[in-house]
Amino acid sequence: MPSWYPKGYFVQNTDFDFFNYAGLQRSVLLYTTPTTYIDDITVTTGVQQDSGLVNYQISVKRGSQFELEVRLLDAENKVVAAGTGTQGQLKVPGANLWWPYLMHELPAYLYSLEVRLTAQTSVGPVSDFYTLPVGIRTVAVTESQFLINGKPFYFHGVNKHEDSDIRGKGFDWPLLVKDFNLLLWLGANAFRTSHYPYAEEVLQMCDRYGIVVIDECPAVGLVLPQHFSNTSMNHHMRVMEELVRRDKNHPAVVMWSVANEPASSLESAGYYFKMVITHTKALDPSRPVTFVTNSNYAADKGAPYVDVICVNSYYSWYHDYGHLELIQLQLGTQFENWYKTYHKPIIQSEYGAETIVGFHQDPPLMFSEEYQKALLEQYHLGLDEKRGKYVVGELIWNFADFMTNQTPQRVLGNKKGIFTRQRQPKAAAFLLRERYWKIANETRYPHSAAKSQCLENSPFT
Ligand code: GCB
């Protein structure tokens, strides 16, 4: 420590652009179990002709003398299929599928899987019971499409953070309901859990409202060669095991993201991502896997292993300041380079501009609301060129302004939100709203007014 710091002086350094809150951020629940108990349930779903398939696997702890009864109930609480034992397949003729927001009515259709255990133990007979919401849907990726229930799906949504005034990162139901209200208002059908797993209640809301999730693990800031060591890789795999174990049964989760903006052009990143991605696919063969890159397409060593290319770029923000006229060319080149190299669907997983609410400037200058709007407009023109070809999504950075460390680059936090930290709209929110509803109308309900249809059905209006 240089001599201009007091002896023993310590400051924690973080290598990411959000605030490193401390303390308990979520509820802590204590629970008891019977001697023999249901430890875990894994559900995967499929569709065969007009029947839904629900495959279940149940793990029971501390007992060998037990019976399991499994029942699937529809939204009216009617039993539609039943089974026994630790694994099996339930068939639901004429199943109601789980669809993303705007592709079907709200709320999204959920069945309930009831698992009832009875066991003989040394202390006598015991029983255990668990109910799991189940959405029947399929996810698949082709060379140029992301399919949900066999239909091309276009992610039009946001990146978020668990962050707000007063509460910081602490879980807060009213805030969550407000955020969902805004997502539905916006016509957003998806978000990425940048840059860590969110509270389970968030995913439960996504299941209910059909908000599709790219579920990201906390691997943000893998930027130094030593971050790609075997120790780090093994730890990363354990983290993916925890994430998959926790979130595997959420129909809303359609893809795992194993990292955000790692130094994936380093030689060692190739082996590292091959191993982490292969491991994640083995844990959950039912979902595609990605990581979010900002490396050059020709240098990225991890991209060969992902199912979908998720690419971040900040044209006319972190370079070519003010030169909005370059965006379309640069974005088009970015997409073409990635696609010709990998022939995989692409999501623009971040783009945006820092904007201080209430700053106005004509002609648009950086940090003004007009600049954010103009930058988005240029991106949208570039995205529209490739949408329907092989670009399968766009996620704005960021849903709302959020707190960061203090640095000369940040004015009271990161201000790239389309909403303020208090969830008030900037001008860009209205622009994005028009766009998302337009995309929804074009692609989902070509003959009807999705906007009024969906707003009428919204539980929040
Ligand atoms: C990024 C990061 C995100 C930052 C954002 C920004 O690429 O993934 O964590 O907050 O850029 O605003 O610079």
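Quick note: residue numbers are just sequence positions, from 1. Below, all heavy atoms of this structure are taken into account, side chains as well, without hydrogens, waters or symmetry copies. Just follow the structure's listing: the first ligand is 1, and inside any ligand the first atom is 1. Since we're looking at a predicted model, the values are computed, not measured.
- Proximity of N260 to ligand 1, defined as any heavy-atom pair under 4.0 Å, is confined to the side chain (atoms from C-beta onward).
- Residue V220 does not touch ligand 1, judged by heavy-atom distances below 4.0 Å.
- Scanning the protein for heavy atoms near atom 7 (O) of ligand 1, the closest one is E261 OE2, 2.4 Å.
- Annotation: F171, atom CZ; neighbour count of heavy atoms from other residues, nucleotides and ligands within 6.0 Å is above 12.
- Of the candidates H161, K416, E354, E350, it is E350 that places a heavy atom closest to atom 8 (O) of ligand 1.
- Between W317 and F367, the ring center distance clears the sub-6.0 Å criterion.
- The protein non-hydrogen atom at the shortest distance from atom 4 (C) of ligand 1 is D17 OD2, 3.3 Å.
- The ligand atoms of ligand 1 that sit less than 4.0 angstrom from a heavy atom of Y318 are 6 (C), 12 (O), 13 (O).
- Within the 4.0 Å heavy-atom criterion, the part of Y314 lying near ligand 1 is the side chain and not the backbone.
- In this structure, SG in C206 is found 10.0 Å from OH in Y198, a value given to the nearest 0.5 Å.
- Using a 4.0 Å cut-off between charged nitrogen and carboxylate oxygen, R435 and E377 do not count as a salt-bridge pair.
- Under the 4.0 Å criterion applied to side-chain N and carboxylate O atoms, E354 and K416 are assigned as salt-bridge partners.
- Of all the atoms in ligand 1, the ones that sit under 4.0 Å from a non-hydrogen atom of R410 are 6 (C), 12 (O), 13 (O).
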Assess whether ring-ring contact (aromatic ring centres under 6.0 Å, His included) is satisfied between F273 and F291, documenting all intermediate values.
CA-CA 9 Å; F273 281 110; F291 70 85; 4.4 Å; yes
For Y196 and H161, what are the C-alpha separation, side-chain angles and deciding distance, and is it a ring-ring contact (aromatic ring centres under 6.0 Å, His included)?
CA-CA 9 Å; Y196 38 78; H161 263 303; 5.7 Å; yes
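- Protein heavy atom at the shortest distance from atom 9 (O) of ligand 1 is H195 NE2, 2.7 Å.
- If you number the atoms of ligand 1 from 1 as listed, the ones under 4.0 Å from a heavy atom of N414 come out as 6 (C), 10 (O), 12 (O).
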